[in-house]
**Student:** 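I'd like to ask some things about the structure below.
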Amino acid sequence: MHLLVEVGTEELPALAAPELASALGERLIGALAEGRLPHGEAEIYWTHRRLAVLVRDLGDRQEDLVEEVRGPAVAVGLDDQGNPTPAALGFARRFSVSQEELYKRRVGEKEYLFLARRTPGRLAGEVLPELLAQAIREVPCPKTMRWDDSGLSFLRPIRWLVCLWGEEIIPVRLGNLVAGRTTRGHRFFGPPKVQIPTPSWYLGGLREAKVEASPGERRDRILAEVRRVEEEHQVQAALDEELLGRLVGGAEWPVGVVGTIPEEFLELPAPMIEATLAAEGKFVPFSRDGRPAEVFLGFRDGAKDKTGVVRQGYERVVRARLRDSRFFFRHDRRQSLADRVRLLRGVVYEGRLGTVWERVERIRAICAHLARALDLPAELLDRAAFLAKADLTTEVVREFPELEGVMGGIYASLDGEPPEVAQAIGEHLRPRGPNSALPKTKLGAALSLGDKLDAVVGAIRVGLVPTGSHDPYGIRRRGAAVVRLVLELGLSVDLFAIIDATFDLYPGGLGEPSLVKTFLLDRLRAALQRDFTYDVVDAVLAVPRGDFLGARARAEALTRLRDEGLEQESRPYLADLVLAFGRVRNITQGCPQSEFNPELFQEEAERELWRAYLRAEGRIREALARGDYEGALRSLHGLRDPIDRYFDQVLVMTDDPRLRQNRLGFLCAVRGLFLEIGDLSRLVMS
Amino acid sequence: MKDFQDLVLRCHDYWKAQGCTILGPYDLEKGAGTFNPATFFGCLGKKPWRVAYVEPSRRPTDGRYGENPIRLGLHHQYQVILKPPPAVVQDLYLGSLAHLGIILRDHDVKFSEDDWESPTLGASGMGWQVWLDEMEITQFTYFQRMGGVDLDPVSVELAYGLERIALFLQGVESTFDLRWSAALSYGELMFEQERERSVYNFERASVERVRAMFELAEAEAKDCLSAGLVFPAYDHTLRCSHLFNVLDARGAIAVAERESQIARIRTLARECARAYLALSGEVHAPVG
């Protein structure tokens, strides 16, 4: 027999309902497991007024509980003939077990008598009421509220409860409610009271009452309607997961209603129209050939809008909203972006980091360095940085914070700023997430990099280092974005040099540059570990540099050489290098000075390694200048034999301190050549 | 088609039938019906409380010189408090809409998540904006806290946006075109007030004098509290709250001081709540 639990509530927030429903499912299954009740699969359904779990094939009795109980030690419980003593008999009697059922088991050093205590499972009907009540009470809510004197609290008031096992009601008590078989149909289009005969009836029966309890079905219906509109009107929907989630959670019986936007509003920028329509999950906006379309789609909760009254209502709301947005837009247009920049003196960025004006100054300084490093037109990048935050003072961005950046780009364009500047401003907040789009232009990427670097350095400088799950300023996200920008757009820039050069611009005085660098390296590590093995990443990051693109190239070179197993004289290529490096590294532990005088070389092996070093150094510098890390690695190979002979023939730790220092110094320099690629000793060679 | 005053009368009619005592608006400026002592104090304590009233609500920053058809610096709320709220409270609310002449099955009615908070009153609640064909017409809130006090029992507040509902019922696009009565339009009554108030709030108000008024009101509130005069203290608290809103519209609240200004008002509100609850042991205890 199946079990149905339905918790009927007042309207739940659309985006919280799915998690709440699965949490209810998890708690119920957990409770059944704890209660040793066998059962089959569970199905979860929900609308914004009900959370339902259907558990198939619930057994009618708990599985017996079998526990081992330890009794007296064998030495005490059995006599010399192996017969039970009174102690053993008493033990058996206490648990209503015959003496034949006693058995021996060793615990540590001693043997004891044990028996298996079997508690017969109770009937499901006896244990379910408390189990289910407990499970429902334990559903975690993001926020809770009270609504009556029952002491219950939940995300929204719970108004009814259905607990049905087969045909039988399980009388679960929750607050002032007692479970029954009565549910409610659609608020306006279904019967107020609906009797549920059995759990299997639930989905279909609710459909008769105009409630679609399956979120998957509602989602399909909504998407089908969106597609229908797209085809009929030759348009494309602007529908993201959040809007879809709000629509799925916003109605028990979603029915599409198409409306029209008056021509006069269609000249507003598309992002504004979309933000206006999609705000609070109300309407789906559409575009045609990249420009705003005159149709929009709303979802009414209930029957089809036969009389067009709902459509009229929707259109009135859309007109009012767009009129408001247009008002904001026109108001904004009274001042150019450039004129607005000084207003940023009055917009706080973060208490200890001052105003947005000061942030803009810092971003400009960072961008000056970026322009040089990335060979970009400095004046254009500076102009973009100067204007990038001005849209924070506009009414449109105040009303629609998600349009920050986008509106800046639009307003810049309308102001007649150079198109590259407008484009850069428009895309400087990308990427917004780990999978979202990157800036399309290099100028935009540089500005985005400057924006995020400032945020990260600033936060760390005033001690806002993210911990665990606490990252209110999104510093980790921005750090990850820095890495994405550099790696995915191929930006060859030494981030650390820029951080060092601009560090004094930051007030605060908590985090040092090293903390910032470590933070960014952690983000780089996370990104590299997605594509490379951990040991390669370790090897590369053991030599921390600000050129993140170079780090990836180094990782690629190491991986390629290792995987291809290039052979030279039929011995694995990279393994050779690792061995050679290992010898050099071990002996040069803890001596950072690579000063030496070649005149002091005595042995032939020293001079041979010296010559090999000079050749390799030249080639390596050339290869690195080209970004050819693989070539650099290959050039190192010429050192392998000379290094072997060196260690065979030269006593590095000689008594003469001058010679010893000279030899160590030279070997440090040799080590340094390898470290241009990475710390090869970290590589795991199988 | 009902005019604005019919709308108000119908609301009174319905909620009187539900056992609410119909009050008038409070005679001091405030931002919402919540600030009316009938709500602020009514929600505190244990005694049941059902009231309903119209409340002209001033939000200086929302002023638009009368140029915006739906945004106003002063709009009218219809406020209902149900304490404790009955289990069928949502149905009661929907019944009120039907009583106003809205045929619910012809329209799209949604309860859309909106948790409400007033930092100046130390108040918060959970509930919804009610949408009628996707237009907000009511704030429906289960208050959890008022004046920093956890409420027991909780109250439901229904704050109807009367102008919005009137727009809906009369089928016009601009608030100023609404009929208030057979004799007067909304515009005739309110347009010039809207315009002048916007000029005052955005351009004319003397920052120096209004700040001084704030300081004086705060001092008076503290003095009243020290003398055990809760209601006059609350009156001055309301003044502080409104004067803050005026300074805000005037652009005179620096970002850095915003939080501390709000905290000063909240402190007063908390003291008033505490003082009120202490009175409930008295012989002529106020309700609650």
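So that the names make sense, note that chain A is the first sequence line, chain B the second, and so on, each numbered from 1. Hydrogens, waters and symmetry mates are skipped; everything else that's a heavy atom, side chains included, is used. The structure displayed is predicted, hence computed values, not measured ones.
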**Student:** Return yes if some donor-acceptor pair links the side-chain N/O of Gln144(B) with the main-chain N/O of Arg146(A) below 3.5 Å, else return no.
**Tutor:**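 Yes, the answer is positive, given that a donor and an acceptor are paired below the 3.5 Å cut-off.
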
**Student:** As an exercise: rank Pro85(B), Ala87(B), Pro69(B) by heavy-atom pairs under 4.5 Å with chain A and give me the winner.
**Tutor:**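 Among Pro85(B), Ala87(B), Pro69(B), the one with the most close pairs to chain A is Ala87(B).
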
**Student:** Could you go through Lys143(A) and Asp115(B), starting from their C-alpha distance and side-chain angles, then the distance that decides it, and tell me whether this counts as salt bridge (charged side-chain N to carboxylate O under 4.0 Å, His left out)?
**Tutor:** CA-CA 10 Å; Lys143(A) 237 177 127 179; Asp115(B) 294 341; 3.0 Å; yes

**Student:** What part of Thr355(A) is in contact with chain B, defined as an atom under 4.5 angstrom from a non-hydrogen atom: side chain, backbone, both or neither?
**Tutor:**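 Interface part for Thr355(A): neither.
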
**Student:** Can you tell me how far the CD atom of Gln90(B) sits from the CZ atom of Arg49(A), to the nearest 0.5 Å?
**Tutor:**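 Taking CD in Gln90(B) and CZ in Arg49(A), the distance rounds to 7.5 Å.
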
**Student:** Is chain B contacted by the side chain of Pro157(A), its backbone, both, or neither, given a heavy-atom distance below 4.5 Å?
**Tutor:**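 Side chain of Pro157(A) only, per the 4.5 Å heavy-atom cut-off to chain B.
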
**Student:** Enter the distance from Asn68(B):CG to Phe328(A):CZ here, rounded to the nearest 0.5 Å.
**Tutor:**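 The distance works out to 7.5 Å.
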
**Student:** Kindly indicate whether the side chain of Phe327(A), heavy atoms from C-beta on, has any atom under 4.5 Å from the side chain of Arg64(B).
**Tutor:**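 Of all side-chain heavy-atom pairs linking Arg64(B) with Phe327(A), at least one is under 4.5 Å.
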
**Student:** Identify the heavy atoms of Glu134(B) and Val317(A) that sit nearest to each other, and give their distance.
**Tutor:**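 Distance-wise, the nearest heavy atoms are O-CG1, 3.5 Å.
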
**Student:** Between CZ of Arg187(A) and NZ of Lys110(B), what distance do you get to the nearest 0.5 Å?
**Tutor:**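 It comes to 13.0 Å.
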
**Student:** Output the option from Gln312(A), Glu280(A), His48(A), Arg311(A) having the highest count of non-hydrogen pairs under 4.5 Å with chain B.
**Tutor:**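 Ranked by contacts with chain B, first place is Glu280(A).
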
**Student:** If we only count heavy atoms from C-beta on, is the Asp133(B) to Arg316(A) side-chain gap below 4.5 Å?
**Tutor:**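 With C-beta onward as the side chain, the pair stays apart.
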
**Student:** Look up atom CG in Asp106(B) and atom NZ in Lys306(A), then write down how far apart they are to the nearest 0.5 Å.
**Tutor:**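 Result: 11.0 Å between the selected atoms.
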
**Student:** Would you check if Arg159(A) and Val89(B) make a side-chain contact, meaning some heavy-atom pair closer than 4.5 Å?
**Tutor:**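 Yes; the side chains approach each other to less than 4.5 Å.
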
**Student:** Under 4.5 Å, counting heavy-atom pairs only, tell me which of Met135(B), Gln129(B), Glu173(B) racks up the most with chain A.
**Tutor:**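 Option with the top pair count is Glu173(B).
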
**Student:** What is the minimum heavy-atom distance between Met126(B) and Met145(A), and which atoms define it?
**Tutor:**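 Of all heavy-atom pairs spanning Met126(B) and Met145(A), the closest is SD-CB, 3.5 Å.
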
**Student:** Looking at Arg333(A), I want to see if its CZ is surrounded by more than 12 non-hydrogen atoms of other residues, nucleotides or ligands under 6.0 Å.
**Tutor:**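 More than 12 heavy atoms, drawn from other residues, nucleotides or ligands, come within 6.0 Å of this atom.
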
**Student:** Got a sec: does the CD of Glu257(B) have more than 12 other heavy atoms crowding it under 6.0 Å?
**Tutor:**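 Above 12, so yes.
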
**Student:** Among Phe188(A), Trp147(A), Phe299(A), Phe283(A), which residue has the highest count of heavy-atom pairs closer than 4.5 Å to chain B?
**Tutor:**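 Ranked by contacts with chain B, first place is Phe188(A).
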
**Student:** Would you confirm whether Arg156(A), through its side chain, and Gly127(B), through its main-chain N or O, come within 3.5 Å as a donor-acceptor pair?
**Tutor:**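 Answer holds: yes.
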
**Student:** Using a 4.5 angstrom heavy-atom cutoff, name the option from Val109(B), Asp152(B), Asp114(B) with the most pairs to chain A.
**Tutor:**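 Top count of heavy-atom pairs under 4.5 Å with chain A: Val109(B).
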
**Student:** Is Glu19(A) atom CD crowded by more than 12 heavy atoms from other residues, nucleotides or ligands, each under 6.0 Å away?
**Tutor:**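 Not more than 12 within 6.0 Å, no.
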
**Student:** Mind checking the CZ-CG spacing from Phe111(B) to Asp301(A)? Nearest 0.5 Å is all I need.
**Tutor:**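 Phe111(B) CZ to Asp301(A) CG: 11.0 Å, rounded to 0.5 Å.
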
**Student:** For chain A, which of Leu94(B), Leu132(B), Asp91(B), Val88(B) has the most heavy-atom pairs under 4.5 Å?
**Tutor:**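 Highest number of heavy-atom pairs under 4.5 Å: Leu94(B).
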
**Student:** Check whether any side-chain heavy atom of Trp131(B) sits under 4.5 Å from a side-chain heavy atom of Lys282(A), and report yes or no.
**Tutor:**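 Side chain of Trp131(B) against side chain of Lys282(A), heavy atoms only: contact under 4.5 Å found.
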
**Student:** Any chance CZ of Arg398(A) has more than 12 other-residue heavy atoms, nucleotides or ligands included, within less than 6.0 Å?
**Tutor:**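 Yes - once you tally the heavy atoms of other residues, nucleotides and ligands closer than 6.0 Å, there are more than 12.
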
**Student:** If you measure from CD on Glu113(B) to CG on Leu155(A), what distance do you get to the nearest 0.5 Å?
**Tutor:**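 Rounded to the nearest 0.5 Å, the CD-CG separation comes to 7.5 Å.
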
**Student:** Heavy-atom distance under 4.5 Å to chain A: side chain of Phe168(B), backbone, both or neither?
**Tutor:**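 Contact with chain A: backbone and side chain both.
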
**Student:** Stepwise, does the salt bridge (charged side-chain N to carboxylate O under 4.0 Å, His left out) test hold for Glu399(A) with Arg71(B)?
**Tutor:** CA-CA 14 Å; Glu399(A) 186 73 7; Arg71(B) 260 187 216 237; 3.5 Å; yes

**Student:** Taking the side chain from Asp108(B) and the backbone from Val310(A), do they hold a donor-acceptor pair closer than 3.5 Å?
**Tutor:**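 Between the backbone of Val310(A) and the side chain of Asp108(B) there is no qualifying donor-acceptor contact (under 3.5 Å).
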
**Student:** Is there a side-chain contact between Trp128(B) and Glu11(A), using heavy atoms and a 4.5 Å cut-off?
**Tutor:**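 A side-chain contact under 4.5 Å exists here.
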
**Student:** Do NZ/NE/NH1/NH2 and the carboxylate oxygens of Glu67(B) and Arg323(A) come within less than 4.0 Å?
**Tutor:**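 The answer is no: the pair does not qualify as a salt bridge.
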
**Student:** Does atom CD (Glu203(B)) have a neighbourhood of more than 12 heavy atoms from anything else shown, all under 6.0 Å?
**Tutor:**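 Atom CD in Glu203(B) is crowded, with more than 12 foreign heavy atoms closer than 6.0 Å.
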
